[in-house]
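Heads up, the thing below is written out as structure tokens.
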Amino acid sequence: MGGFLNSTIARKFAMALSGLFLVLFLAQHFSINFISVFSKDVFNEVSHFMGTNFFVQALLQPVLIFGVIFHFVMGFILEAKNRGARDIKYVKFAGNENSSWVSRNMIYSGLVILAFLGLHFYDFWFPEMIHKYIESHPEDAARYYDELVAKFQSPVRTILYVVSFVFLALHLYHGFSSSFQSVGWRNKYAKGLRGFTKAYAIIIPLGFIFIALFHYINNL
């Protein structure tokens, strides 16, 4: 595996696969959270299932955590390699003539998302682990909705979430479509696929923003 990842093409391929995996998780995560806008009871039921199901907790969750770590580590490695390869300094950079602002600054949008993940883990994952495995509370299948809503009482935290989702949109706008190019997806469906990835990059983050603002306004 180490020898395989020494190749730039292999690193980009691995980066793309991990990114596509995380995109699938993002859609699933959004689908569950969006339920909270319509039904407290259904959201609690789905969240309780995800929080107690053995397959989800013992298999999918570790794979997800590994995927997140792998994606960001690989991103940092690729950025470092790219910077090291730029041994010729241009007097004037051509800007968007060669690439978009988003594509040139993926590392920065990625860093914002990484910081957001830290906040998200602090808000939800760590309390969940403490609740179940350290404090050993009796299982309460009706607690999930109230825990979610409580996080959006603070305007500062709500703004942080909104800003993070804006950067997520920027990151996805370039990263999602380029992932398919990196894994060699070039056929008659490529143009339609690019359109889908651009729409996904806008709609899913906007949906998360809507959820955050919805619960914040309901808390007023």
Side-chain angles (χ1 to χ4, degrees), residues 1 4-5 10-77 110 112-149 151 161 164-165 167-169 171-172 175-176 178-180 182-183 185 193 196-197 200-201 203-205 207-208 211-212 215:
M1 176 64 77
F4 172 76
L5 292 179
R11 284 193 291 264
K12 289 183 178 180
F13 186 85
M15 176 80 169
L17 285 181
S18 62
L20 291 173
F21 167 73
L22 295 178
V23 163
L24 289 175
F25 162 74
L26 191 66
Q28 175 260 333
H29 194 52
F30 168 74
S31 300
I32 294 174
N33 283 2
F34 198 57
I35 295 173
S36 69
V37 172
F38 301 101
S39 174
K40 175 180 179 178
D41 292 337
V42 175
F43 176 77
N44 279 331
E45 289 177 11
V46 175
S47 298
H48 179 66
F49 171 80
M50 297 297 290
T52 56
N53 181 267
F54 174 81
F55 178 74
V56 173
Q57 293 296 304
L59 299 177
L60 291 185
Q61 186 169 257
V63 170
L64 173 62
I65 293 174
F66 172 79
V68 170
I69 295 173
F70 180 86
H71 187 72
F72 280 99
V73 169
M74 194 58 59
F76 292 136
I77 291 174
V112 173
I113 296 168
L114 184 60
F116 162 71
L117 284 175
L119 172 64
H120 197 58
F121 269 57
Y122 174 80
D123 276 347
F124 295 101
W125 193 75
F126 289 132
E128 180 73 6
M129 295 300 103
I130 292 171
H131 179 92
K132 290 194 295 188
Y133 301 119
I134 298 179
E135 296 178 351
S136 300
H137 291 293
E139 186 54 49
D140 179 9
R143 66 185 170 87
Y144 299 95
Y145 180 86
D146 292 333
E147 290 176 357
L148 171 69
V149 170
K151 298 304 180 182
Y161 270 77
S164 298
F165 289 130
F167 276 89
L168 175 62
H171 198 76
L172 286 172
F176 193 6
S178 65
S179 293
F180 285 102
S182 296
V183 298
W185 188 294
L193 188 61
F196 167 75
T197 59
Y200 182 101
I203 293 171
I204 296 298
F208 277 113
I211 294 168
H215 290 302

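Heavy-atom basis, side chains included; hydrogens, waters and symmetry copies ignored.
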Residues which pass side chain to side chain donor-acceptor pair (under 3.5 Å) with Y144, listed by chain and number, not counting sequence neighbours: E139

Pair listing, salt bridge (Lys or Arg N to Asp or Glu O under 4.0 Å) test, anchored in residues 112-123, at least two apart: D123-R157

Quick check: closest heavy atoms across L172 and P205, and the distance to 0.1 Å? CD1-CG, 4.2 Å

Considering only residues two or more places apart or on different chains, which pairs with a residue in residues 47-69 satisfy ring-ring contact (aromatic ring centres under 6.0 Å, His included)? F66-F70

Output all residues satisfying ring-ring contact (aromatic ring centres under 6.0 Å, His included) with F76, sequence neighbours left out; order by chain, then residue number. none

The salt bridge (charged side-chain N to carboxylate O under 4.0 Å, His left out) partners of E45 (sequence neighbours excluded) come to none

Going through the distances and angles, do W125 and Q61 end up as a side chain to side chain contact (heavy atoms under 4.5 Å, CB included)? CA-CA 11 Å; W125 193 75; Q61 186 169 257; 3.2 Å; yes

Under the criterion side chain to side chain contact (heavy atoms under 4.5 Å, CB included), I'd like the reasoning laid out for L26 against L168: C-alpha separation, chi angles, the key distance, then a yes or no. CA-CA 11 Å; L26 191 66; L168 175 62; 4.0 Å; yes

Roughly how far, to the nearest 0.5 Å, is the OH atom of Y145 from the CZ atom of F43? 9.0 Å

Spatial distance of atom CG (L17) from atom OG (S179) [nearest 0.5 Å]: 8.5 Å

From N33 atom CG to I211 atom CD1, the distance as rounded to the nearest 0.5 Å: 5.0 Å

Using ring centroids (six-membered ring only for Trp), state whether H120 and F124 fall under 6.0 Å. yes

Could you pull out all residues at least two apart from L64 that satisfy side chain to side chain contact (heavy atoms under 4.5 Å, CB included)? F21, L22, F25, V68

The test is side chain to side chain contact (heavy atoms under 4.5 Å, CB included); show your working for I69 and V73 and say whether it passes. CA-CA 6 Å; I69 295 173; V73 169; 4.1 Å; yes

Side chain to side chain donor-acceptor pair (under 3.5 Å) partners of S18, counting only residues at least two apart: H71

Check: F167 ring centre within less than 6.0 Å of F116 ring centre: no

Those residues at least two apart in sequence (or on a different chain) that pass side chain to side chain donor-acceptor pair (under 3.5 Å) with E147 are R143

Minimal non-hydrogen separation, I32 against S47, with atom names: CG2-OG, 4.2 Å

Test of understanding: with side chain to side chain donor-acceptor pair (under 3.5 Å), list the residues that count as partners of S36, not counting sequence neighbours. H215

Pairs flagged by salt bridge (Lys or Arg N to Asp or Glu O under 4.0 Å) wherever residues 29-41 is involved - sequence neighbours left out: K40-D146

The criterion is side chain to side chain contact (heavy atoms under 4.5 Å, CB included); which residues satisfy it with V42, sequence neighbours excluded? I35, S39, V46

Heavy-atom side-chain proximity of I204 to F165 below 4.5 angstrom: no

Contacts of type side chain to side chain contact (heavy atoms under 4.5 Å, CB included), residue F38, not counting sequence neighbours: F34

Enter the distance from F121:CZ to M129:CE here, rounded to the nearest 0.5 Å. 9.5 Å

Check for a donor-acceptor pair, side chain of Q57 on one end and backbone N or O of M50 on the other, with a separation under 3.5 Å. yes

Close aromatic pair by centroid cut-off 6.0 Å: F208 and Y161: no

